[in-house]
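Here, residue 1 is the first one in the sequence, and each next residue gets the next number. Indexing begins at 1, ligand by ligand and atom by atom, following the structure's order.
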Amino acid sequence: MSRKITGATLVAGVAGAPVRHSLSPIIHNAWIEAAGLDAVYVPFAPSSDGFRRFADGLRGGVVRGLNVTVPFKEDALAIADELSERAALAGAVNLLVFAADGRIHGDNTDGLGLLGAFAAQAPGFDPAAGPVAIIGAGGAARGAAAAFVTAGAPEVRIVNRTLAKAEGIGEALGAKVRAFSLDAAARAFDGVTAVINATSAGLLDASLDLPLEATPSPAVVMDMTYKPLETPLLARARELERRTVDGLEMLVRQAVPSFEAFFGRTPPAAVDVRALCLAAIGGQA
Ligand code: ATR
């Protein structure tokens with residue numbers, strides 16, 4: 001990169017620990033460069049108990065905003081002075097914007113990323129057309145459930161190892177959400193339009209053997225994990241001739257509204273940030 005940093009360069013970034021392998025700097029800096037902006041997007045790695053102090057120090061907008069990743073999403077939710085409706089519903093914040101008046105706005109762009117990934121890789125998929133099943137009951141699962149409820153899904157089935165956590169999402173999001181234990185996955189998959197893996201590590205471990213054959217053949221299978229790009233779950237889905245959506249597409253799509261919040265313009269469409277990310281994670285197609 002041969003961009004010059006000037007006295008007027010705008011700064012935004014991503015905070016996480018570790019943040020070293022984040023793909024967000026690759027995505028945002030490619031867009032910044034293609035748009036010819038005098039701006040830079042940098043990684044920040046506060047200590048595990050230092051995020052709030054760090055973010056507090058940015059009040060006023062010395063840094064325009066931050067994407068927030070593991071393990072700081074809960075701190076980000078707590079430090080925000082106000083939340084967008086979608087962040088409140090998701091119970092999670094992945095974007096903080098530092099206003100000039102000192103206030104911190106919390107937002108969540110993961111839901112848009114998720115639905116955008118479906119639109120891109122499973123054209124014609126309609127989130128309102130039938131029930132969907134989500135595996136996992138952590139923050140990522142709740143965010144996905146909130147996005148589908150908002151998009152009009154008639155039923156969202158949360159399938160989780162720990163049933164009580166799945167029930168907790170139902171309490172937060174209302175009657176359209178139903179909880180299932182993992183051993184009831186086949187029942188949860190009956191008649192769904194989509195299955196989404198939102199567990200952190202679980203399904204990389206092929207021992208978690210989900211009965212994908214219980215889904216109807218038009219169902220779409222999505223995995224939020226993108227390392228590897230084709231997870232064991234997506235490989236199995238392809239064997240069964242189900243359409244698939246990958247987690248890298250979600251990552252790229254959630255970055256779009258973040259870029260807009262930082263820099264007040266849409267990212268240039270001409271730059272293929274997905275290809276840049278693929279090159280960075282090892283070149284799988
Ligand atoms: P995040 O906030 O990123 O969603 P999390 O809160 O740690 O992450 O949630 C991870 C989810 O993955 C949980 O629902 C967890 O199941 P439990 O609620 O039973 O702990 C699920 N998970 C992780 N590893 C798993 C595995 N090997 N098998 C099944 N579920 C797993």
Side-chain angles (χ1 to χ4, degrees), residues 14-19 21-24 48 51 67-80 83 86-96 106-115 117 132-149 156-173 177-189 194-212 214 221-228 231-237 245-248 250-251 254:
V14 54
V19 77
H21 299 292
S22 171
L23 295 173
S24 294
S48 57
F51 177 81
N67 287 121
V68 183
T69 183
V70 183
F72 300 129
K73 288 193 174 185
E74 281 168 23
D75 283 334
L77 182 72
I79 203 174
L83 295 179
R86 60 195 183 200
L89 202 59
V93 159
N94 75 333
L95 170 64
L96 291 177
D107 198 358
N108 189 312
T109 65
D110 282 334
L112 282 179
L114 178 63
L115 295 173
V132 299
I134 296 170
I135 320 299
R142 177 167 164 183
F148 274 98
V149 167
V156 176
R157 301 171 182 165
I158 307 290
V159 184
N160 196 44
R161 187 172 57 180
T162 312
L163 185 62
K165 269 175 80 180
E167 289 168 344
I169 295 187
E171 280 157 27
L173 295 181
V177 178
R178 289 176 58 202
F180 293 77
S181 61
L182 262 185
D183 26 330
R187 206 155 44 80
F189 289 174
V195 172
I196 295 127
N197 172 35
T199 62
S200 36
L203 302 193
L204 290 178
D205 171 4
S207 67
L208 183 61
D209 209 1
L210 290 167
L212 281 186
V221 179
M222 194 270 172
D223 201 327
M224 289 196 189
T225 306
Y226 54 85
K227 290 177 194 166
T231 62
L233 181 74
L234 294 187
R236 174 85 185 115
V245 173
D246 63 55
L248 183 60
M250 176 174 168
L251 180 82
Q254 64 76 36

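- Side-chain atoms of Arg157 come within 3.5 Å of backbone atoms of Ala188 as a donor-acceptor pair (strictly under, hydrogens ignored).
- In this structure, the side chain of Ser22 engages the main chain of Ser24 through a donor-acceptor pair within 3.5 Å.
- Annotation for ligand 1: atoms under 4.0 Å from non-hydrogen atoms of Ala140 are 1 (P), 2 (O), 4 (O).
- Taking Arg142 as the reference, nothing meets the side-chain hydrogen bond (donor to acceptor under 3.5 Å, both in side chains) condition, with sequence neighbours excluded.
- Note: Ile134 CD1 to Asn197 CG = 10.5 Å, rounded to the nearest 0.5 Å.
- Atoms of ligand 1 found under 4.0 Å from any heavy atom of Thr162 (numbered from 1 in listed order, with element): 17 (P), 18 (O), 19 (O).
- The distance from ligand 1 to the heavy atoms of Gly139 drops below 4.0 Å at these ligand atoms: 1 (P), 2 (O), 4 (O), 6 (O).
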I'd like a table of donor-acceptor pairs (distance under 3.5 Å, sequence neighbours excluded) in which one partner is a side-chain atom from residues 67-80, with atom names and distances.
residue: Asn67; atom: OD1; partner: Tyr41; partner atom: OH; Å: 2.7
residue: Asn67; atom: ND2; partner: Asn94; partner atom: O; Å: 3.4
residue: Asn67; atom: ND2; partner: Ser258; partner atom: OG; Å: 2.9
residue: Lys73; atom: NZ; partner: Asp110; partner atom: OD2; Å: 3.3
residue: Asp75; atom: OD1; partner: Arg52; partner atom: NE; Å: 3.2
residue: Asp75; atom: OD1; partner: Arg52; partner atom: NH2; Å: 3.4

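- The N/O atoms of Ala137, backbone and side chain alike, include one that comes under 3.5 Å of an N/O atom in ligand 1.
- Where the criterion is an N or O separation shorter than 3.5 Å, residue side chain and backbone included, Thr199 fails it with respect to ligand 1.
- For ligand 1, the atoms closer than 4.0 angstrom to any heavy atom of Gly136 are 14 (O).
- Here the side chain of Thr231 pairs a donor or acceptor atom with the backbone of Leu234 at under 3.5 angstrom.
- Nearest residue to atom 5 (P) of ligand 1 from Gly138, Pro71, Ala198 is Gly138 (criterion: closest heavy atom).
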